[in-house]
Amino acid sequence: VKTAMKTRMFLSCIVLLALALVGPRLDAEEGNAAAQPEPAHIVVRADEALAPVSPLLFGQNYGPWMDTTDVYVDFYRGVGVTLLRFPAGNWGDENDLFPNMMDELARLAGILDAEVSVQARSWRGGTPEKAAELVRYSNVENDYGFRYWEVGNEPDLYMRRRHRSGDPVFDVDWYNAQFREFATAMKAVDPDIQIVGPVVTGGWREWIPAFFAANGDIVDVVSWHWYPHGDELSNAEALATPAEIEEQVETIRAWWQDPAVNPLGYERPVPPLFLSEYSVSWASSVRRHLGTLVAALWDAEVLGRMANLGVEMAAQFALQGSTGGTRWHGLVGMLEELRPVYGVYRLYAHWGATQVAAESSDEPLLPAFASLRDDGALALIVINKDPAQAREATLSIEGFRPAEQARVWLQDEEHLGVDLPPISVAETFPYTFPPYSLTLFILEPARWGDWVLWAGLVLAAVALAALAIVLGHRVRRSR
């Protein structure tokens with residue numbers, strides 16, 4: 001009996017020991033399983049147009065210190081630059097522009113087939129006469145056709161960052177007067193140009209209404225800048241900010257149409273909007289966001305949201321990073337390295353002309369955007385902002401019958417906006433999106449021949465069924 005009891009006790013200890021060892025593992029596995037997100041549902045309604053996609057949405061800031069040798073020009077060609085804003089940021093406040101710079105700008109714009117927006121220096125040293133002379137040299141003496149001319153750059157920061165003893169008060173009243181003088185002088189030289197302002201940044205809520213009140217009758221394009229932070233936000237916090245662009249755009253358009261805000265221009269059509277500088281961070285010297293996938297995912301979502309809203313013009317900051325002011329801002333670095341944000345514009349080079357509705361059941365971490373191209377294809381971008389987990393989704397395509405295979409491009413830690421092997425698709429199909437990734441699908445429409453074939457098969461089947469019924473009746477009657 002004692003031996004049997006000892007045996008049972010020994011076996012019980014073995015079981016308890018096994019449970020002690022296996023139990024935590026089972027709990028961990030169950031925890032991991034519980035942490036797996038539910039598959040999302042992404043619905044694209046290709047027959048619901050949101051807005052035309054402006055070609056000038058895919059612009060870049062370009063300065064005279066940036067590399068335009070053949071290697072770099074090939075890089076710039078690879079992202080389909082449609083607009084060059086020159087000379088990019090504070091440099092234009094602190095330096096005059098000269099004919100040789102305008103010549104090089106025209107050369108690069110011609111190679112890239114890009115429109116041009118020029119900053120006229122309005123801060124210390126800038127005058128309406130100098131700005132008018134630039135217009136004359138570019139568009140009269142030469143036939144460069146530079147259409148867009150901004151007055152100044154971030155005047156809401158002049159008092160804070162660059163004020164000296166003896167300077168005027170660089171407030172919105174000062175800028176409003178400057179803007180009218182510059183606009184009058186430049187348009188006297190070339191009345192076909194478009195005058196752009198107020199080119200403000202963080203102070204847009206205070207400056208734009210005051211600017212409309214004073215210049216709503218003469219401004220042609222409304223511009224502002226947006227950098228949500230310097231280096232204070234976490235990755236997740238930074239990637240939660242793209243939706244803020246919607247409130248900015250809707251607020252500015254509403255101000256324009258409000259006679260109390262814009263008494264001189266509220267009856268004019270809402271002018272084109274130009275986000276003439278944007279990036280996830282203004283801190284050029286900090287790599288943490290600008291040199292990583294955070295910037296790429298942020299830019300991709302901001303572009304998608306601007307396309308949904310029909311924003312007419314935008315210029316990412318900047319085309320190339322350097323030891324100067326741009327540093328970690330830039331699609332390409334100083335040593336010919338392509339940065340993660342480069343892949344975003346490589347993918348958007350495939351984008352369509354009409355933005356259509358796309359909704360995700362997990363918009364905070366898996367937003368989606370779609371457009372119809374002129375060749376009839378449907379372009380769809382899905383962004384996974386989860387840094388650790390791949391996310392599954394079911395994609396449903398409404399109002400569009402895709403061909404059996406789709407092309408796919410991927411931007412993630414290992415891929416810089418490169419094409420993958422084609423995948424099989426249907427009007428509903430599953431897909432798994434890698435962590436921290438941007439995925440582009442190009443779905444071609446089903447060929448007409450496919451429709452004819454299937455229709456013919458269906459009609460043939462119906463005809464055979466009808467024939468069988470008729471023959472069956474005849475056989476029964478003959479009996």
Side-chain angles (χ1 to χ4, degrees), residues 59 61 63 85 87-94 117 119 121-124 150-164 167-176 178-179 196-215 219 221-234 237-256 261 273-286 288-290 294-295 298-299 301-303 305-306 309 311 313-318 325-329:
N61 275 265
R85 178 182 182 255
N90 295 346
W91 196 96
D93 294 329
E94 299 161 356
S117 177
Q119 298 166 233
R121 183 183 183 186
S122 69
W123 186 58
R124 190 182 296 118
E150 284 185 309
V151 177
N153 177 77
E154 298 182 352
D156 53 324
L157 299 184
Y158 290 172
M159 279 290 288
R160 188 190 315 171
R161 296 196 308 197
R162 307 188 186 97
H163 189 71
R164 297 176 186 171
D167 277 344
V169 177
F170 295 124
D171 59 11
V172 68
D173 293 332
W174 170 86
Y175 178 80
N176 286 340
Q178 288 278 99
F179 183 89
V196 185
V199 210
V200 290
T201 183
W204 68 276
R205 291 184 185 276
E206 295 76 33
W207 278 60
I208 291 181
F211 174 75
F212 284 173
N215 291 298
V219 64
V221 178
V222 177
S223 69
W224 79 107
H225 297 168
W226 181 37
Y227 299 90
H229 78 119
D231 189 36
E232 64 273 15
L233 299 183
S234 68
E237 289 170 334
L239 289 175
T241 61
E244 294 174 13
I245 191 63
E246 296 176 355
E247 193 256 345
Q248 295 175 37
V249 169
E250 291 165 357
T251 298
I252 292 170
R253 285 175 173 162
W255 280 338
W256 180 269
V261 176
L273 300 188
F274 184 11
L275 188 62
S276 57
E277 286 186 24
Y278 68 95
S279 186
V280 65
S281 166
W282 53 260
S284 296
S285 62
V286 180
R288 182 171 68 94
H289 286 161
L290 297 174
V294 173
W298 189 90
D299 276 31
E301 185 172 359
V302 170
L303 279 171
R305 291 183 181 276
M306 286 196 291
L309 295 163
V311 172
M313 302 171 65
Q316 193 265 158
F317 195 86
T326 47
R327 297 190 185 180
W328 283 105
H329 282 116

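Values reported hereafter were calculated over all heavy atoms of this structure, with side chains retained and with hydrogens, waters and symmetry mates removed. These figures come from a predicted structure and were not determined experimentally.
For E244, there are no side chain to side chain donor-acceptor pair (under 3.5 Å) partners at least two apart in sequence or on another chain. Annotation: salt bridge (charged side-chain N to carboxylate O under 4.0 Å, His left out) contacts of E247 (sequence neighbours excluded): R205. Remark: E301 engages R305, K385 in a salt bridge (charged side-chain N to carboxylate O under 4.0 Å, His left out) (not counting sequence neighbours). Legend: residues meeting ring-ring contact (aromatic ring centres under 6.0 Å, His included) with W207, ordered by chain and number and at least two apart, are absent. Partners of E206 by side-chain contact (heavy atoms from CB on, under 4.5 Å), not counting sequence neighbours: none found. With sequence neighbours excluded, no residue satisfies ring-ring contact (aromatic ring centres under 6.0 Å, His included) with H225. Contacts of W328 classified as ring-ring contact (aromatic ring centres under 6.0 Å, His included), with partners at least two apart in sequence or in another chain: none. Listed by chain and number, the residues in a side chain to side chain donor-acceptor pair (under 3.5 Å) with E277 are R85, Y227 (sequence neighbours excluded). The salt bridge (charged side-chain N to carboxylate O under 4.0 Å, His left out) test applied to D173 returns no partner, not counting sequence neighbours. With sequence neighbours excluded, the residues forming a ring-ring contact (aromatic ring centres under 6.0 Å, His included) with W255 are W204, listed by chain and number. For S281, there are no side chain to side chain donor-acceptor pair (under 3.5 Å) partners two or more places apart in sequence or in a different chain. When the side-chain contact (heavy atoms from CB on, under 4.5 Å) test is applied to A295, the partners found at least two apart in sequence or on another chain are V280.
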- Query: What do the steps show when you test V199 against F274 for side chain to side chain contact (heavy atoms under 4.5 Å, CB included), and what is the final call?
  - Reply: CA-CA 9 Å; V199 210; F274 184 11; over 6 Å; no
- Message: side chain to side chain contact (heavy atoms under 4.5 Å, CB included), that's the test. Do V249 and W224 meet it? Break it down for me.
- Response: CA-CA 10 Å; V249 169; W224 79 107; 4.2 Å; yes
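Taking each heavy atom of S223 and P198 in turn, the nearest pair found is O-CD, 3.5 Å. When all heavy atoms of T241 and P228 are compared, the pair lying nearest together is OG1-CG, 3.8 Å. Among all heavy-atom pairs drawn from R253 and V311, the shortest one is NH2-N, 4.0 Å. Nearest heavy-atom pair across G92 and Q119 is CA-NE2, 4.2 Å. Heavy-atom minimum distance, A240 versus P242: C-CD, 3.4 Å. Between I245 and L309, the closest heavy-atom pair is O-CD1, 4.2 Å.
A donor-acceptor pair under 3.5 Å is formed between the side chain of Q178 and the backbone N or O of S122. A distance-only check finds a donor-acceptor pair linking the side chain of N61 to the backbone of S276 [under 3.5 Å]. Here the side chain of Q316 pairs no donor or acceptor atom with the backbone of S279 at under 3.5 angstrom. Between the side chain of N176 and the backbone N or O of A214 there is no donor-acceptor pair closer than 3.5 Å. Within the 3.5 Å criterion, the main-chain N or O of G89 finds no donor-acceptor partner in the side chain of E154.
In this structure, I252 and F212 have side chains that are in contact, with non-hydrogen atoms separated by less than 4.5 Å. By the 4.5 Å heavy-atom criterion applied to side chains, W226 and T201 are not counted as neighbours. The shortest side-chain heavy-atom distance between W256 and V219 falls under the 4.5 Å cut-off. Between H289 and H229 the shortest side-chain heavy-atom distance falls below 4.5 Å. Residues V200 and Y175 have side chains not in contact (no heavy-atom distance under 4.5 Å, counting atoms from C-beta outward). Within the 4.5 Å cutoff, no side-chain heavy atoms of W91 are placed close to those of N153.
Classified by interplanar angle (parallel below 30°, tilted 30° to 60°, perpendicular above 60°), the ring pair Y278/W298 is tilted.
In this structure, the separation between CG on D156 and CZ on F211 is 12.5 Å, given to the nearest 0.5 Å. For the atom pair CZ (R124) and CD (E94), the distance works out to 9.0 Å, reported to the nearest 0.5 Å. Atom NE2 in H329 sits 11.5 Å away from atom CZ in R327 (nearest 0.5 Å).
Side-chain polar atoms of Y158 and D93 form a donor-acceptor pair below 3.5 angstrom.
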